[in-house]
Protein chains: 2
Amino acid sequence: MNDKVTIKTIAKIANVSHTTVSRALNDSPLVKEKTKKEIHEIAERLNYSPNLNAKALVEHRSFIIAVYFTDLNSGTSPSFMSEMLHQIKEMLPKGYEIAVDSFASLRQSKQAINLRFDGALVVSQSSTDDVYIEQLANTGKPVVILNRKVERTDLFNYASDDYSGTVTAVEYLLRMGHRRIGIISGKEEFTSSQNRLAGFVDTLQKHGISLNNKWVVAGDYSVKSGYNAMEKILNLGELPTCVFASNDDMAMGAMRACEDYGFSVPEQISFMGFDDSSYSNYCIPRLTTIKKPMREITNNGIKTLNDLINNQSPKTVQSLNIKPSLVVRESVKKLN
Amino acid sequence: MNDKVTIKTIAKIANVSHTTVSRALNDSPLVKEKTKKEIHEIAERLNYSPNLNAKALVEHRSFIIAVYFTDLNSGTSPSFMSEMLHQIKEMLPKGYEIAVDSFASLRQSKQAINLRFDGALVVSQSSTDDVYIEQLANTGKPVVILNRKVERTDLFNYASDDYSGTVTAVEYLLRMGHRRIGIISGKEEFTSSQNRLAGFVDTLQKHGISLNNKWVVAGDYSVKSGYNAMEKILNLGELPTCVFASNDDMAMGAMRACEDYGFSVPEQISFMGFDDSSYSNYCIPRLTTIKKPMREITNNGIKTLNDLINNQSPKTVQSLNIKPSLVVRESVKKLN
DNA sequence: TTGAAAGCGCTAACAC
DNA sequence: GTGTTAGCGCTTTCAA
């Protein structure tokens, strides 16, 4: 292909220097309108497209936004990820590319972090990410951490307050008369799992409700793990009246297990989820859940990064720990 | 930060020329082992990281793999996308970045396609992508098209044979005794919707079954659209015994509508989905569906692109239209 | 308003 | 084995 159209090609045709072409193409006020127009025409005709590598080299920036996930494979819900990418793409200045990567894959291949980016957005799930976050921050380039509250206070950081969300959840369950409550927890390494579990345990304790340890079963946030965890609980003999699943996917798996074992939901066992995934309003029964404020998290994050990259001090706050809200649907029965 | 560690910095310390450093770092056999070791040590100590922009400029490649979706927003199922990205990341040579983009956003912002990539993977849903695929192909760089069969035969192209999948689906429904069958179709512009609809219509006709046009309702592949579409059908008075939903998500929405309107599934109305999404084995009832061969599609695509980038002629075939398979579960009742 | 020249950090002839 | 030099395509002084 005619890859070789450079500013020099255009310069020759327009009978000017390549400097002028560069200026014209960058809409510099130093170039006469007429020349500018001519150059633009030629560029268009030749289907000129600037060599971003050269531009990046000389301008000391790369036109790349790095988006890091803890793990592309598991944990980050696909819908979160896809919404994320979509929003970033919408809000980012034209000409920027989005480079997707994961800390898990870096760790696995023992690779160093790639420094070619102008700003980074980190969707963090685990404190094991901190090593990498450190490295990103050390570049001095704009970095925004989402999804998980980090220790460092000098970083822009927007997260969901999962602990408080779970408190809300459990208090609702208590109000509905439940006292025998189990939990299916999420991926152990994930901060969200830890916070949700802690919120659960603490709230029961605070209200003087004893927790049956057999009703605390580990899942990994997948639908299947919810199913398996619930099987364990159902085989216990002594059943809870309600199970809090640390995310909606596991709740769906768990409800399916009940169906298979002949327990009706919510008549015999109630369920509470977390996240408010797009399926939770359509499963049977509709899932009562805690709505994770994904929209606010991503919006804040992207806006901030955007400002940072354009060297404006962000109009957003430095850090946010957003309280999730309760979404009452059909999966929790009121006991009398 | 100490961003400024370049090969020249290292050269000065090691008392060699920057060329030698370059060679050493690239593990050239031309450099003495001892010097090499020294240089590597210094590089490590200084936390040297090569400037990819410079490297890219001189090597005429960019270490970027472009991944294009028709639309990041809708149509491409999030789980497909995330599995895709994960697999690419796993199989791609180290040091490569994955740049995610969508034709929809290009179109919206009237942007030209970005030429900074060494190979492109296109997850195409619609023939409107062809303009862009053309441009990508014209770069002469490796391009692999997934998900949809394109006209051009010179491109590497792996897709699911949705038409034949739907034939399989409908013939199964007929075998189960259904004659009054409706369809909820997907996004109109998407090739998959068109093929699935065509397969549906053709197969009914081939078997001499008349199609009630009122039972042909348009959705857009979202759960909600499946719900809405099913509402329309349920309000019709005359009901089908079975509805084929063009994807699993819509089937889930439709089954939920039945629940809300007091129709039992599959006793009164049966459902068949498409895709075999991760939820289809856990919803209530479990969804009988057609398994889209995503794994084969992505595997072939990534392997091929990989070979192409490394200048090997791919061990894979040029083009594949993979037949999906039937997955029988619980949502289709056998009529007698 | 334009051009000449330098240089971004790297690789690759071509010498030695 | 190693160094010198040139050059990738671009922006940016500085001079005219």
Side-chain angles (χ1 to χ4, degrees), chain A residues 1-40 42-43 46-64 95 112 114-118 139 141, chain B residues 1-40 42-43 46-64 95 112 114-118 139 141:
Chain A
M1 266 329 281
N2 223 352
D3 244 358
K4 294 284 160 226
V5 183
T6 75
I7 49 171
K8 288 193 182 168
T9 324
I10 299 177
K12 220 167 278 172
I13 299 182
N15 247 315
V16 294
S17 75
H18 72 275
T19 312
T20 304
V21 175
S22 169
R23 285 200 267 251
L25 259 22
N26 287 314
D27 211 28
S28 153
L30 294 175
V31 182
K32 201 165 38 167
E33 273 309 321
K34 183 159 165 288
T35 346
K36 218 186 253 185
K37 197 159 284 174
E38 263 180 46
I39 291 175
H40 270 112
I42 298 175
L46 263 48
N47 215 344
Y48 168 79
S49 152
N51 182 324
L52 279 188
N53 290 321
K55 200 166 172 137
L57 175 58
V58 66
E59 290 191 19
H60 296 286
R61 56 195 189 126
S62 54
F63 306 98
I64 291 175
N114 193 330
L115 264 32
R116 181 171 52 161
F117 65 87
D118 296 339
T139 61
K141 295 176 193 165
Chain B
M1 267 328 284
N2 223 350
D3 244 357
K4 294 284 157 225
V5 183
T6 75
I7 49 172
K8 289 193 182 168
T9 325
I10 300 178
K12 221 167 275 171
I13 300 180
N15 247 316
V16 294
S17 76
H18 73 275
T19 312
T20 303
V21 176
S22 168
R23 285 200 267 252
L25 259 20
N26 288 313
D27 211 30
S28 152
L30 294 176
V31 183
K32 208 173 20 175
E33 272 309 321
K34 183 161 165 286
T35 350
K36 220 185 253 185
K37 196 159 285 173
E38 264 179 44
I39 290 174
H40 271 113
I42 300 175
L46 265 48
N47 214 344
Y48 167 78
S49 154
N51 181 323
L52 279 188
N53 291 322
K55 201 167 170 135
L57 175 58
V58 67
E59 290 192 18
H60 296 287
R61 55 193 190 128
S62 53
F63 306 98
I64 291 175
N114 193 328
L115 263 32
R116 181 171 53 160
F117 65 88
D118 295 340
T139 62
K141 295 175 191 163

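Below, chains carry the letters A, B, ... as their sequence lines are ordered, and counting in each starts from 1. None of these values were measured; they are calculated from a predicted model.
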Carboxylate-amine/guanidinium contact A:Lys37 A:Glu33, below 4.0 Å: no
Would you name the heavy atoms of [X] and [Y] that are closest together and state the gap between them?
X        : Y        : result
A:Asn26  : A:Lys55  : OD1-NZ, 3.4 Å
A:Val5   : A:Leu46  : CG2-O, 3.7 Å
B:Lys141 : B:Leu115 : NZ-O, 2.6 Å
B:Ser62  : B:Ala56  : CA-CB, 3.9 Å

Below 4.0 angstrom from OP1 or OP2 of [N], is there any side-chain N or O of [X]?
X       : N      : result
B:Thr35 : D:dG1  : no
A:Lys8  : D:dC10 : no
A:Thr19 : C:dA5  : no
A:Tyr48 : D:dC10 : yes
A:Ser17 : C:dG3  : yes

Write down the distance between [atom1] ([X]) and [atom2] ([N]), rounded to a whole number of angstrom.
X       : N      : atom1 : atom2 : answer
B:Glu59 : D:dG7  : CD    : C1'   : 14 Å
B:Lys4  : C:dG7  : NZ    : C1'   : 12 Å
B:Lys37 : D:dG1  : NZ    : P     : 14 Å
A:Lys12 : C:dT2  : NZ    : C1'   : 19 Å
A:Asn26 : D:dT12 : CG    : P     : 8 Å
B:Ile39 : D:dG3  : CD1   : P     : 8 Å
B:Leu57 : D:dA6  : CG    : P     : 18 Å
A:Asn51 : D:dG7  : CG    : P     : 17 Å

Sugar-phosphate only, base, or nothing, as touched by A:Asn53 at under 4.0 Å among non-hydrogen atoms: nothing
Touch class at under 4.0 angstrom, heavy-atom based, for B:Val58 against every strand present: base
From OH (B:Tyr48) to CD1 (B:Ile42), nearest 0.5 Å: 13.0 Å
B:Lys32 or B:Ala54, whichever maps to the more 5' nucleotide of DNA chain D: B:Lys32
The side chain of [X] is closest to which nucleotide in this list: [options]?
X       : options               : result
B:Lys55 : C:dT2, D:dC8, C:dT11  : C:dT11
B:Pro50 : C:dC10, C:dA12, C:dG3 : C:dC10
B:Val31 : C:dT1, D:dG3, D:dT2   : D:dT2
A:Arg23 : C:dA5, D:dG9, D:dT13  : D:dT13

Less than 3.5 Å between a donor and an acceptor, one on the side chain of [X] and one on the base of [N], is that the case here?
X       : N      : value
B:Ser22 : C:dA12 : no
A:His60 : D:dT11 : no
B:His18 : C:dT11 : yes

